[in-house]
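Below is one structure, written out as structure tokens; the observations come after it.
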Amino acid sequence: AERARTLARNGFGEEHERLRGLVPPESPARNASRNGALRPAEEGAMALAEIANTQSNHYHLLDSRHGPMLLIDREALVVACVRPDEEDLTLDLLRHVASRGAHLCILSTAPIEVPGALVVQFDGCRAERTLGLPLINLVQLVALYRAQRDGLNPDAPEGLVACISL
């Protein structure tokens with residue numbers, strides 16, 4: 001938990017406090033990402049489930065336009081990871097997610113405008129495959145804030161039992 005807080009202060013700057021306020025009450029969380037961040041999005045969904053006891057899923061960003069869109073409403077938190085060279089379809093999708101009232105946080109390497117969204121610009125990643133690093137930290141922070149808000153210990157999630165002894 002302390003590592004996540006330190007990375008947040010150093011890596012996300014002023015967005016850190018806005019991110020803390022982004023965690024809606026009792027909301028499921030959805031991760032949407034591009035190919036390079038799909039595995040970290042899966043890890044993020046697992047972190048939300050384990051640390052914050054929150055139902056969560058991950059989808060490729062454009063796959064969210066179909067069935068998963070039915071799950072996105074005012075109760076949902078959507079964390080999306082986009083590149084500056086994204087097609088218009090991607091930005092249109094994010095605007096649609098915002099219009100559904102979802103709490104939307106977008107990680108991007110360049111400034112983008114999506115009304116109602118918290119856009120976290122992370123300049124340290126130029127290659128798509130490296131966007132997963134700040135993405136996983138961002139989702140872990142959401143899990144940390146959610147756990148703290150709900151009185152859970154993020155360092156000792158309930159129900160997890162060690163299955164490997166070293």
Side-chain angles (χ1 to χ4, degrees), residues 4-5 8 11-122 125 128 131-132 134-152 154 157:
R5 284 189 284 271
F12 293 113
E14 65 187 46
E15 291 91 352
H16 177 66
E17 287 306 315
R18 288 185 61 207
L19 181 63
R20 182 184 299 275
L22 186 71
V23 182
E26 300 307 316
S27 67
R30 317 278 178 238
N31 276 327
S33 66
R34 300 294 294 185
N35 288 337
L38 200 54
R39 180 67 179 139
E42 181 180 16
E43 291 294 324
M46 189 181 318
L48 280 159
E50 292 175 350
I51 295 169
N53 197 19
T54 300
Q55 176 189 354
S56 60
N57 300 297
H58 74 285
Y59 304 100
H60 186 280
L61 190 57
L62 291 179
D63 286 344
S64 298
R65 188 173 292 283
H66 304 290
M69 187 60 70
L70 298 173
L71 303 173
I72 297 173
D73 58 16
R74 294 188 193 301
E75 303 285 316
L77 167 64
V78 176
V79 179
C81 182
V82 297
R83 297 184 322 257
D85 61 340
E86 293 291 348
E87 314 84 32
D88 290 338
L89 286 176
T90 300
L91 293 177
D92 286 346
L93 172 66
L94 293 172
R95 289 183 189 103
H96 181 69
V97 166
S99 75
R100 294 178 64 89
H103 301 264
L104 178 59
C105 180
I106 303 169
L107 176 66
S108 177
T109 58
I112 60 171
E113 288 291 326
V114 176
L118 168 62
V119 177
V120 178
Q121 186 177 334
F122 196 84
C125 300
E128 180 179 351
L131 275 174
L135 175 66
I136 189 66
N137 185 240
L138 186 69
V139 177
Q140 286 173 336
L141 284 169
V142 170
L144 170 67
Y145 298 149
R146 174 96 186 227
Q148 289 174 333
R149 186 203 64 206
D150 294 347
L152 302 172

Yes or no on side chain to side chain contact (heavy atoms under 4.5 Å, CB included) for C105 and L138, after CA distance, side-chain angles and deciding distance?
CA-CA 9 Å; C105 180; L138 186 69; 3.7 Å; yes

For the atom pair CD1 (I106) and CD (E113), what is the distance rounded to the nearest 0.5 Å?
9.5 Å

For the CG atom of L141 and the CZ atom of R146, what is their distance to the nearest 0.5 Å?
15.0 Å

Work out which heavy atom in L135 is nearest to a heavy atom in L107; give both atom names and the distance.
N-CD2, 3.5 Å

Quick one: pull up OG1 in T90 and CZ in R95 and give me the separation to the nearest 0.5 Å.
10.5 Å

Applying salt bridge (charged side-chain N to carboxylate O under 4.0 Å, His left out), can you list everything that pairs with R100, at least two apart in sequence or on another chain?
none

Roughly how far, to the nearest 0.5 Å, is CD1 of I51 from CG of L152?
10.5 Å

When you compare the side chain of S108 with that of V120, does any pair of heavy atoms fall below 4.5 Å?
no

Residue from L94, L93, V114 passing side chain to side chain contact (heavy atoms under 4.5 Å, CB included) with V82
L94

Closest approach of A98 and P115, non-hydrogen atoms and distance?
CB-O, 3.4 Å

Side-chain contact test, heavy atoms from C-beta onward, threshold under 4.5 Å: evaluate it for H96 versus M69 and give yes or no.
yes

Applying side chain to side chain contact (heavy atoms under 4.5 Å, CB included), run through V142 and L77 and close with a yes or a no.
CA-CA 10 Å; V142 170; L77 167 64; 3.4 Å; yes

For I136, which residues count as a side chain to side chain contact (heavy atoms under 4.5 Å, CB included) partner, sequence neighbours excluded?
P40, E43, Q140

Just by modelled atom types, is the A52 backbone N or O under 3.5 Å from a matching donor or acceptor in the T54 side chain?
yes

In the structure I gave you, are the side-chain heavy atoms of D150 and Y145 within less than 4.5 Å of one another anywhere?
no

In terms of heavy-atom contacts, I72 and A102 come closest through CG2-CB, 3.6 Å

Distance (rounded to the nearest 0.5 Å) between E50 CD and S56 OG:
9.5 Å

